[in-house]
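All ligand and atom numbering here is 1-based and tracks the order in the structure.
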Amino acid sequence: MSKRPPSLPAQANDMRMQMALRQIDFGAAPRAAAVPAPKPQTAEDALALKRRDWLLAVQERQRALSPYASGLLTAENLSGEDFLHSFYAPGRPVLIKGAMAGWPALERWTPDYLAETVGDAEIEYQGGRSRAQDYELKKDRHRKRAPFRQFIALARAGGNDAYLTASNSAANAPALAPLAADLGHLDAYLTRAPGMLWIGGEGTFTPLHFDLTNNLLAQVTGTKRVILIPPSQTQRLAHKSHVFSEVRDVTDPARLALHPQARDVLRYEVLLTPGDLLFVPIGWWHQVRSESFATMLTYTGFHWENAGHESYPAG
Ligand SMILES: O=C(O)CCC(=O)C(=O)O
């Protein structure tokens, strides 16, 4: 890897000195071993957890002293090297504009075009979601099959009931293969491993959770509102099952009445529009609501290590 200080996105010019300092000693950092989470059984354990939360809160307060350290940056023409140094390695989200320019899908992927291209091939999607709150945790209960054209009619009608999600990707690879020709590549950041497709109508909602990998969300058509919350806020989010927050939706007054500690949680809001990429680092909480019929891909095939899921204490 070159020792040349990388150029930075315009919004982050003041980070140049910080980056230059890091270059002075750019040896391989020692790897931290995965530490098993303590079970808070004793007063001593509870105090240890409180101290850990204090540490995270103090660090977050310090980051807030500088918008360059704590703000959600938007970048254009972001090279792979700058992405690695300024965002991927620090685990910092970034909205990247313009990198999908020229992808035919941005213009083509209307509901009619999708239905014509994939036709009546049978696909898997998540259905019956409006009957349950825990449809993400209990994904398998919601697996449904239908001819793609029929699914598009359901999605077009809007609401949260039917959603083709990343968890349906493996089952849908052969049926959705004709759409791949409409996609470009993001070689600066990603290998050529395929992304996972999301297709849904206005009103689909993915509740608050974090992922066990770094993710790049690539918005193709429609708009989605994403709320991002840093890992430092975890103690406010009732993290009880797997990667999910019992709060579910930090914009819903009814949920906040049940979880008042989440009211003043530190959060960032991003409106994803066609052609936007959003980097969601591992461990960052996020919830996503579609504001129109929307198509999006999630990519995890970065050029750099992305295997947090292998050591997660799943319980
Ligand atoms: O777009 C969505 O509904 C959810 C996306 C998401 O949470 C993810 O890709 O990790």
Report all N/O contacts between ligand 1 and the protein shorter than 3.5 Å as a table of atom names and distances to 0.1 Å; if there are none, say 'none'.
unit_1: ligand 1; atom_1: 1 (O); unit_2: Tyr163; atom_2: OH; d: 3.3
unit_1: ligand 1; atom_1: 1 (O); unit_2: Lys224; atom_2: NZ; d: 2.7
unit_1: ligand 1; atom_1: 3 (O); unit_2: Tyr163; atom_2: OH; d: 2.7
unit_1: ligand 1; atom_1: 3 (O); unit_2: Thr206; atom_2: OG1; d: 2.6
unit_1: ligand 1; atom_1: 7 (O); unit_2: His209; atom_2: NE2; d: 3.2
unit_1: ligand 1; atom_1: 7 (O); unit_2: His286; atom_2: NE2; d: 3.2
unit_1: ligand 1; atom_1: 9 (O); unit_2: Thr298; atom_2: OG1; d: 2.9
unit_1: ligand 1; atom_1: 10 (O); unit_2: Asp211; atom_2: OD2; d: 2.7
unit_1: ligand 1; atom_1: 10 (O); unit_2: Asn215; atom_2: ND2; d: 3.2
unit_1: ligand 1; atom_1: 10 (O); unit_2: His286; atom_2: NE2; d: 3.1

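A salt bridge (charged side-chain N to carboxylate O under 4.0 Å, His left out) check over residues 289-301, counting only residues at least two apart or in different chains, returns the pairs Arg225-Glu291, Asp249-Arg289. Residues in residues 226-248 take part in these salt bridge (charged side-chain N to carboxylate O under 4.0 Å, His left out) pairs, two or more places apart or across chains: Arg236-Asp264.
With salt bridges taken as basic N to acidic carboxylate O contacts below 4.0 Å, none links Arg129 and Asp134.
Residues Leu72, Leu95, Tyr163, Trp198, Leu217, Val226, Leu228, Leu266, Tyr268, Val270, Leu272, Leu278, Val280, Val288, Met296 make up the rest of the hydrophobic cluster containing Trp284, defined by ILVMFWY side-chain heavy atoms closer than 4.5 Å, directly or through other members.
Between Tyr312 and His242, the ring planes lie perpendicular to each other; the angle is over 60°, past the 30° to 60° tilted range.
Looking only at atom types and distance, the side chain of Asp161 has a donor-acceptor partner in the side chain of Ser130 under 3.5 Å away.
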